[in-house]
Amino acid sequence: MTIGCVTSAPPAYRRLYRDPHDRVVAGVAAGLAEHLRAPVPVVRLVFVALLAASGFGGLLYVALWAVVPVRPDAPRRPPRRRLALQRLAYGALTLGLLILVADAGNWLPGYPFDPVVVALAAVVALGAGIIWHQADPQRRRLGRTAEADAAATAPRDEATRPLTVAAARLGVDVEPAPDRRWFFLRVTGGGLLMVVGIIGILGFFAPQDQSLAATLLGLLFAVLALAGLVVALAPVLWRMVGQLREERIARIREQERAEVAAIVHDQVLHTLALIQRHANDPSSVLRLARGQERSLRSWLYRPAASPNERFAAALEQVAGEVEDAYGITVETVVVGDADHDERVAALVAATREALVNAARHAKVSTVSLYAEVEDDRLTVFVRDRGVGFDMSTVDNDRHGIRGSIIGRMQRHDGTARIRSAPGEGTEVELSIRRGAVAATGRSDHS
Amino acid sequence: MTQERPLRVFLVDDHAMFRAGVRAELGSHVDVVGEAGTVAEAISGISSLRPDVVLLDVHMPDGGGRAVIEAIRKTHPEIRFLALSVSDAVDDVIGLIRAGARGYVTKTISPEQLADAVRRVAEGDAVFSPRLAGFVLDAFARPDAPVADPELDQLTNREREVLRLLARGYAYKEIAKELYISIKTVETHVSNVLRKLQVSNRYELSRWAAHRRLV
């Protein structure tokens, strides 16, 4: 049995949690064991031993179960299956509670319940428990796929939802149900147990002069009346459930519509108004349209990451800024992606500078930006088909190229290569080694 | 490129304004013989007019461009398709290419480039937008997938180089110059990549399509 499988960063003070993963009944013992740093079997044995003390162990267990929360940061994994042990534990728990209730007369004066009644009540509870158990979502799903009878189970699905939620919250154990037959068997068996228990209790309390048959007849009438009521009310209930569902769907639709309307109103209509105003200024129109396009696109396709986290997102942001500032189109293609770090930031900054240079000097409306992430390096190409220039004639004081591109790349152990010829456009190639902590200023091999 | 007769082009797009724009742009380069705004119109129009190239919008009601390709290819396999789109999820574009389109360009392409792409497709070559080239590199780069058929599921180094340059915004002519090969060889490489894209079963093609977007 593994204890303390959760070892990540212990909190400042230790709190008691239930551990649903390592549970037999509800994970109380496992959680307690971890809290007390004791072996789980020992804690479990203590609980069982305490059962003998007028069922105190059972009471304690139920009390802890009710009070102690499930570990919030627990990894979501299915609980381990230990059927034999679990049945035994449930049995022990039930036994303990029974002893407690039956025994209560000894220390509670005026306690009305006879041990026989308690036993019968236990039978009723057992039957109810078996039926209730069927309401577990996982079990129902299994039963449904076995029979592929979704239509028939849908009503029950709605009707039992509160139960299933409750069951899930209580962390009631689940075992796979083989098929629908087994399901009916259980429901019938549980129902039978309940009926027998109820009859027994009625028989016990029935006045001595009346026969059991009369009592049974009364019970039968009661059941019939109840059945009639259910039949009468079922359509109404069913309709109500349907209405509720429809209302929910309508509400979700309305929310989505409101979100779309907000985008259209706040952005698109606004942009269209601005475009009409600037109709005589093509570069403004282009800039507005391009900015709106980018915004709509990022809304439609929901970018996967923020520019502070991922390389591709950072490049796209930079491309968008340059598009906005200079009214050009940057055709961005990124192959692969990488986490953002100091070097990536330098590469992105140098890329921005190259884009700005192209936008300002190349006299073109479109610039290509291509980035490729390989295992060991990141490479960026910024290319334009603009006027180009002769590298040998570039003044040393052209800070943009010397400092912001070449210098920046060299400081971060990268390279910058610029190819340009008058009339043939310019291509800037930036490359930087990837990854490991070995940044500049630190020794690579320590 | 001298042509005995101008190329006959058919436009399929559900936006009339866009069709008018493309018609005006392409008018001087090719002969726009017809246009259609719905899948049904397109199928009947293309069947009767038999153009050389169909410019096809990816997203349309009633099955989109894919339905058009699938219907026409059965009866007129010689008609070539070029997908043209403003912004689409990769899976739609890949779906169109796997259905038989010879290439994909974005609607922001310049008229000269579009005319060039139409001519290339008419000659049986393939046309990749930079973004599509990037996607193909991405999808074929992952080494983590089992390779069923190396002939189909992997790119050669040369193909990779060509795609890289395409993604960098190079024209075919510039690629040829850069790699010291002929334009015809570049075209062959791109056509081979297109074929791989059409028949390869690499699961990335669908998996990546779900996460990425073109344009």
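Proteins come first, then strands; the chains are lettered A, B, ... in the order of their sequence lines, and each starts at number 1.
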- request: Could you name each residue pair satisfying salt bridge (Lys or Arg N to Asp or Glu O under 4.0 Å) that touches residues 183-193 of chain B, not counting sequence neighbours?
  value: B:Arg120-B:Glu187, B:Asp125-B:Lys184, B:Lys184-B:Glu187
- request: Measure the shortest side-chain to side-chain distance between B:Leu132 and B:Ile94 over non-hydrogen atoms and say whether it is less than 4.5 angstrom.
  value: yes
message: Please check if the number of heavy atoms outside A:Arg277 that lie under 6.0 Å from its CZ is greater than 12.
response: no
task: Write down the atom of A:Met409, the atom of A:Ser431, and the distance for their closest heavy-atom approach.
output: CE-O, 3.4 Å
- prompt: For B:Thr185, which residues count as a side-chain hydrogen bond (donor to acceptor under 3.5 Å, both in side chains) partner, sequence neighbours excluded?
  reply: B:Ser182
Contacts with chain B made by residues 378-388 of chain A (heavy-atom distance under 4.5 Å), listed by residue number: A:Phe381, A:Arg383, A:Arg385
- request: Would you name the heavy atoms of B:Ile43 and B:Ala67 that are closest together and state the gap between them?
  value: CD1-O, 4.4 Å
message: Testing the basics here: between B:Gly134 and A:Val335, what is the closest heavy-atom pair and its distance to 0.1 Å?
response: O-CG2, 3.3 Å
- request: Compare all side-chain heavy atoms of B:Asp57 with those of B:Phe18 and state whether any distance is below 4.5 angstrom.
  value: no
field: Intermediate values then yes/no, side-chain hydrogen bond (donor to acceptor under 3.5 Å, both in side chains), A:Glu427 and A:Tyr370
entry: CA-CA 11 Å; A:Glu427 184 169 57; A:Tyr370 172 70; over 6 Å; no
query: Hey, does B:Asp116 have a side-chain heavy atom less than 4.5 Å from the side chain of B:Tyr172?
result: no
statement: Among residues 157-168 of chain B, those lying within the under-4.5 Å heavy-atom range of chain A are B:Arg164, B:Ala167, B:Arg168
field: Heavy-atom proximity to chain A below 4.5 Å, by part of B:Ala171
entry: both
